[in-house]
Number of protein chains: 2
Amino acid sequence: MTNKPSIKQQMPLGRHLAILTKMYYGALSKQLEHLEIEKHYSVLVLIENSEHPCTQQFISDTLKIDKASMVSVIDYLSGKKLIKRTNNPADRRAYWIELTPKAHLIMPELHEKINELNKVALKGLNKTQAIEFNKALCLISENLDNLPSDRVIINFKKVKKNIK
Amino acid sequence: MTNKPSIKQQMPLGRHLAILTKMYYGALSKQLEHLEIEKHYSVLVLIENSEHPCTQQFISDTLKIDKASMVSVIDYLSGKKLIKRTNNPADRRAYWIELTPKAHLIMPELHEKINELNKVALKGLNKTQAIEFNKALCLISENLDNLPSDRVIINFKKVKKNIK
DNA sequence: CTCGAATAGTTTAAAGTACAAACTATTAAT
DNA sequence: ATTAATAGTTTGTACTTTAAACTATTCGAG
């Protein structure tokens with residue numbers, strides 16, 4: 001057999017983030033199975049927390065989901081009757097995205113499930129450490145925000161195998 | 001106009017991780033533009049750091065890339081002459097994946113670029129905080145590792161738009 | 001006022017990505 | 001010796017992201 005991991009300390013930051021993201025969403029989708037809202041819970045949470053009506057553009061900017069994809073997400077959540085588009089009388093190009101009564105009904109359960117998962121995920125960190133961790137996430141987020149960046153393109157297929 | 005973000009403090013953990021991952025890889029792919037190894041740098045780093053020869057299975061397990069995708073990754077990096085498969089005489093089902101001399105040549109540059117980016121990303125955290133942050137990532141990773149999880153399925157398309 | 005630029009949102013097409021399932025070859029286990 | 005398990009591969013399907021072109025509307029400089 002090969003050696004067993006525990007190389008986590010040396011795991012490159014980018015890959016570490018990718019793995020955590022994947023594991024977190026995997027666990028969450030299990031938790032939220034019956035709600036079938038998968039990773040789009042963050043859209044609902046954003047709308048709920050926002051003091052002002054949200055446009056798709058705003059959600060797009062905040063959650064860093066590009067606006068073409070945003071259309072699909074909004075369509076999906078609309079189809080599940082969790083949000084609705086209402087016209088913004090002041091700007092007929094834009095919609096206001098609002099939670100439906102049905103969404104308001106399930107939000108408490110949603111929060112509960114998320115809190116449960118976070119409790120498991122952050123087990124071993126005390127309150128202070130958890131806050132510090134969150135602050136670090138915010139800080140890194142800001143640091144990276146203004147950096148020039150490209151779309152990540154892999155394109156395995158262009159180079160075919162040649163060594164076996 | 002809509003309100004401007006800065007809701008980061010309230011950003012749900014999962015989405016926060018997803019955003020960071022995306023931003024980090026975006027920035028990194030810019031840094032590593034000319035190397036064209038995109039996000040697969042972590043495979044090279046893993047092989048370099050590993051004391052024992054790596055099999056695809058081991059890389060797969062460690063980096064949480066499923067083994068079908070692993071084949072593409074290995075093919076790609078092979079095609080770029082950065083790694084090669086060598087036969088494991090003790091088990092003819094398995095390969096040992098090794099860095100080529102070409103890869104050893106570029107590794108210093110790769111580390112340099114990654115360190116540069118990490119320095120930018122972690123700006124504002126002192127050494128202790130950076131270490132604490134990394135520990136937290138490892139801890140969360142372990143906490144989530146043994147959790148039941150599902151594949152994240154979104155499937156926008158099944159529910160078509162009905163409210164506009 | 002008005003014409004050109006910018007913006008909100010949509011659609012399409014192309015490419016990237018993940019994963020289950022079936023497959024080969026080989027090794028382990030009873 | 002047969003059966004189960006493992007390393008790796010292939011294929012097909014479905015999910016996801018993005019660029020680019022598009023409509024409708026609003027903004028803004030002259």
Side-chain angles (χ1 to χ4, degrees), chain A residues 1-2 18-19 21-23 25-26 29 36 38-40 53-76 78 83-97 149-164, chain B residues 1-2 18-19 21-23 25-26 29 36 38-40 53-76 78 83-97 149-164:
Chain A
M1 262 320 275
T2 52
I19 292 174
T21 304
K22 189 171 163 177
M23 295 200 302
Y25 275 125
S29 72
E36 294 183 308
E38 308 287 348
K39 63 168 75 160
H40 303 320
C54 293
T55 60
Q56 291 186 202
Q57 190 64 52
F58 172 72
I59 300 172
S60 225
D61 291 342
T62 309
L63 301 181
K64 314 280 183 197
I65 298 168
D66 85 316
K67 66 180 192 171
S69 306
M70 201 69 239
V71 174
S72 307
V73 175
I74 298 295
D75 283 350
Y76 180 77
S78 275
I83 58 177
K84 62 174 193 289
R85 293 176 170 94
T86 58
N87 289 313
N88 174 350
D91 185 343
R92 288 190 300 163
R93 289 170 307 181
Y95 296 114
W96 282 339
I97 311 297
S149 83
D150 270 355
R151 180 181 169 201
V152 180
I153 297 176
I154 313 294
N155 217 359
F156 300 139
K157 306 301 161 56
K158 271 186 193 157
V159 184
K160 285 316 286 176
K161 78 206 66 176
N162 42 15
I163 305 172
K164 285 263 182 172
Chain B
M1 262 317 277
T2 52
I19 292 175
T21 304
K22 190 170 163 178
M23 294 200 304
Y25 275 126
S29 73
E36 293 181 310
E38 307 286 347
K39 63 168 74 161
H40 302 319
C54 292
T55 61
Q56 291 185 201
Q57 191 63 52
F58 172 72
I59 300 172
S60 225
D61 291 342
T62 308
L63 302 181
K64 314 280 184 198
I65 299 168
D66 86 313
K67 66 179 192 173
S69 307
M70 201 70 238
V71 174
S72 307
V73 176
I74 299 296
D75 283 349
Y76 179 78
S78 276
I83 57 177
K84 62 175 192 288
R85 293 177 171 92
T86 57
N87 290 314
N88 174 351
D91 185 343
R92 287 189 303 162
R93 291 169 304 180
Y95 297 116
W96 282 339
I97 311 296
S149 83
D150 271 356
R151 181 181 168 202
V152 179
I153 297 175
I154 314 292
N155 217 358
F156 299 137
K157 306 300 160 58
K158 272 186 195 158
V159 183
K160 283 317 284 177
K161 79 205 65 176
N162 41 14
I163 303 173
K164 283 266 184 167

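Just so it is clear, the model here is predicted, and its values are computed rather than measured.
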May I ask you to test the B:P89-B:W96 pair for a side-chain heavy-atom distance under 4.5 Å?
yes

Using only side-chain N and O atoms of A:Q56, determine if any of them is under 4.0 Å from OP1 or OP2 of C:dA8.
no

Between B:D75 and B:R85, is the closest basic N to carboxylate O distance under 4.0 Å?
yes

When the nearest nucleotide of DNA chain D is assigned to A:D66 and to A:N88 on a heavy-atom basis, which residue is associated with the more 5' position?
A:D66

Closest to the B:S69 side chain, choosing from D:dT25, D:dG8, C:dA18:
C:dA18

In whole angstrom, what separates B:D75's CG from D:dT9's C1'?
9 Å

Separation of D:dA19 P from A:K67 NZ (nearest whole Å):
12 Å

When the distance from OH of B:Y25 to P of C:dT17 is rounded to whole Å, what number comes out?
11 Å

Determine whether a donor-acceptor pair (one donor, one acceptor, N or O, separation below 3.5 Å) exists between the side chain of B:R93 and the base of D:dT6.
yes

To the nearest angstrom, the NZ-P distance between A:K64 and D:dT17 comes to 15 Å

If you assign A:P89 and B:D91 each to the DNA chain D nucleotide with the nearest heavy atom, which residue ends up on the more 5' nucleotide?
B:D91

Starting at OG1 of A:T55, measure out to CG of A:D61 and round the result to the nearest 0.5 Å.
7.5 Å

Atom-pair distance (CZ on A:R92; C1' on C:dA6), nearest Å:
18 Å

Taking only side-chain nitrogens and oxygens of A:R85, does any of them come within less than 4.0 Å of OP1 or OP2 of C:dT10?
yes

Examine C:dT17: is either OP1 or OP2 under 4.0 Å from a nitrogen or oxygen in the side chain of A:K22? Give yes or no.
no

Whole-Å distance between C:dA25 P and B:N87 CG?
15 Å

Rounding to an integer number of Å, can you tell me how far A:H40 NE2 sits from D:dC15 P?
11 Å

Value for CZ (B:R93) from CG (B:D91), rounded to nearest 0.5 Å, stands at 4.0 Å

Choosing from D:dT9, C:dT26, C:dG9, which nucleotide comes nearest the side chain of B:Y95?
D:dT9

Here the distance between atom C1' of C:dT10 and atom OH of A:Y76, to the nearest Å, is 21 Å

Rounded at 0.5 Å granularity, tell me how far NZ in A:K22 sits from CG in B:D66.
6.5 Å

Shortest side-chain distance from A:A68, nucleotide among C:dT11, C:dT10, D:dG8
C:dT11

